[in-house]
Enquirer: 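Structure provided below as structure tokens; questions to follow.
Per chain, numbering begins at 1; letters A, B, ... match sequence-line order. Quantities reported herein were computed from a predicted structural model and do not represent experimental measurements.
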2 protein chains.
Amino acid sequence: MRLPKGIYGITDDSYNVKNHVDAAKVFLEGGVRIIQYRRKEGSIRQMLNEAKEIRKLCNQYGAVMIVDDRVDIAVLSDADGVHVGLEDAPVDEVKRRFSGIIIGASASTVDEAKEGEKAGADYLGAGSIFPSPTKPDYRILGLEGLRRVVQSVSIPVYAIGGVTLESIPAIKATGAWGAAVISGILAAKDPLEMAKRFVKAWDEA
Amino acid sequence: MRLPKGIYGITDDSYNVKNHVDAAKVFLEGGVRIIQYRRKEGSIRQMLNEAKEIRKLCNQYGAVMIVDDRVDIAVLSDADGVHVGLEDAPVDEVKRRFSGIIIGASASTVDEAKEGEKAGADYLGAGSIFPSPTKPDYRILGLEGLRRVVQSVSIPVYAIGGVTLESIPAIKATGAWGAAVISGILAAKDPLEMAKRFVKAWDEA
Ligand code: NI
């Protein structure tokens, strides 16, 4: 499966959109074509039910669906992929046991990016590009770091962390495949309008 | 894979044995041949590392290894099975997506037991038999309820909840396949000695 370029929407329920399914709707209706379901708490049954809802929506819009951290939820909801961080299952082990699933890995340095690619990741989430409200203390990669990550691997790299509308042209100019957005869209006064503006900003940059 | 009869040890880290791997060791050294790794919190990486340790131990003792709730951890650690409750992934969906894995289901009533069997569960955990320190408010099935559950299904039934050394003969007399023990062993002054006594009590009942 080819990964869509451009805006990568990550769900949340703590901003102006109050649940994960509605967050996915906002992204999709706004033109986003890759969605990550990222829920950290709740029962497996709850997560699975939400993931199935989001799977249906993604199918309607022809979008790729990724689940954060949880390969069980990803497989059971028929998601396209899973995104794993350093606290999650190792990329190579997920790849060995769950063939056919897209695996995204996180990278904050060029070394982590190369390791992720070598372990078999299909794409990288590289960041934080800027300080972000979601992960304020996270290691900052910056635009120059992003450019180096993009140049050091041959898999798609999505920028993540503190991505704003204004920063989209500079992110695209690094050669990044796309940019992951959470609060930039979900905390906006009009999230749907903002989703459209992000998508447009990427397309026109 | 044939499920071992007798004592079914469930790991915990809050009694006299302070971590899950040591709890598994106590059970195995005491003669228990089916172990459930039950950890509710912590990162996926942590859980996976512990599960792999317990997998190695179970291999050394020729024991069956089950993971509670999490089919991702079960698959990635090469466990034999997963135990799912009402808040977890549905039995039939796990069975469809993860072939070859043993699936245990929880039942507190005859109806739930029949549903679990029909959905494809390979065994049941039926309880609570008695009030237990682990789940004090859980629905109480009792010995007579256990007997009815055993008679209503054709898959193995492990009794769970408040199982004491003294209750083992009465539990075995219901036709139950075995009895799950947590605090009965792990909260004992000498957990290893107590594990041996439980195993012996079952064998001699
Ligand atoms: Ni993560």
Enquirer: Please name all residues satisfying side chain to side chain contact (heavy atoms under 4.5 Å, CB included) with B/A201, sequence neighbours left out, ordered by chain then number.
Expert: B/L165, B/I168

Enquirer: Of the backbone (N, CA, C, O) and the side chain (C-beta and beyond), which part of B/L86 lies under 4.5 Å from a heavy atom of chain A, both, or neither?
Expert: backbone

Enquirer: Using every non-hydrogen atom in the two residues, find where B/I44 and A/A89 come nearest and quote the distance to one decimal.
Expert: CG2-N, 3.6 Å

Enquirer: Enumerate, by atom name, each donor-acceptor pair separated by under 3.5 Å where one atom lies in chain B and the other in chain A.
Expert:
residue	atom	partner	partner atom	Å
B/I44	N	A/E87	O	3.3
B/R45	N	A/E87	O	2.7
B/R45	NE	A/D88	O	2.5
B/R45	NH2	A/L86	O	3.3
B/R45	NH2	A/D88	O	3.2
B/K52	NZ	A/E93	OE1	2.8
B/K52	NZ	A/E93	OE2	2.7
B/L86	O	A/R45	NH2	3.2
B/E87	O	A/I44	N	3.3
B/E87	O	A/R45	N	2.7
B/D88	O	A/R45	NE	2.5
B/D88	O	A/R45	NH2	3.2
B/E93	OE1	A/K52	NZ	2.8
B/E93	OE2	A/K52	NZ	2.7

Enquirer: What part of B/L76 lies closer than 4.5 angstrom to a heavy atom of chain A: side chain, backbone, both or neither?
Expert: both

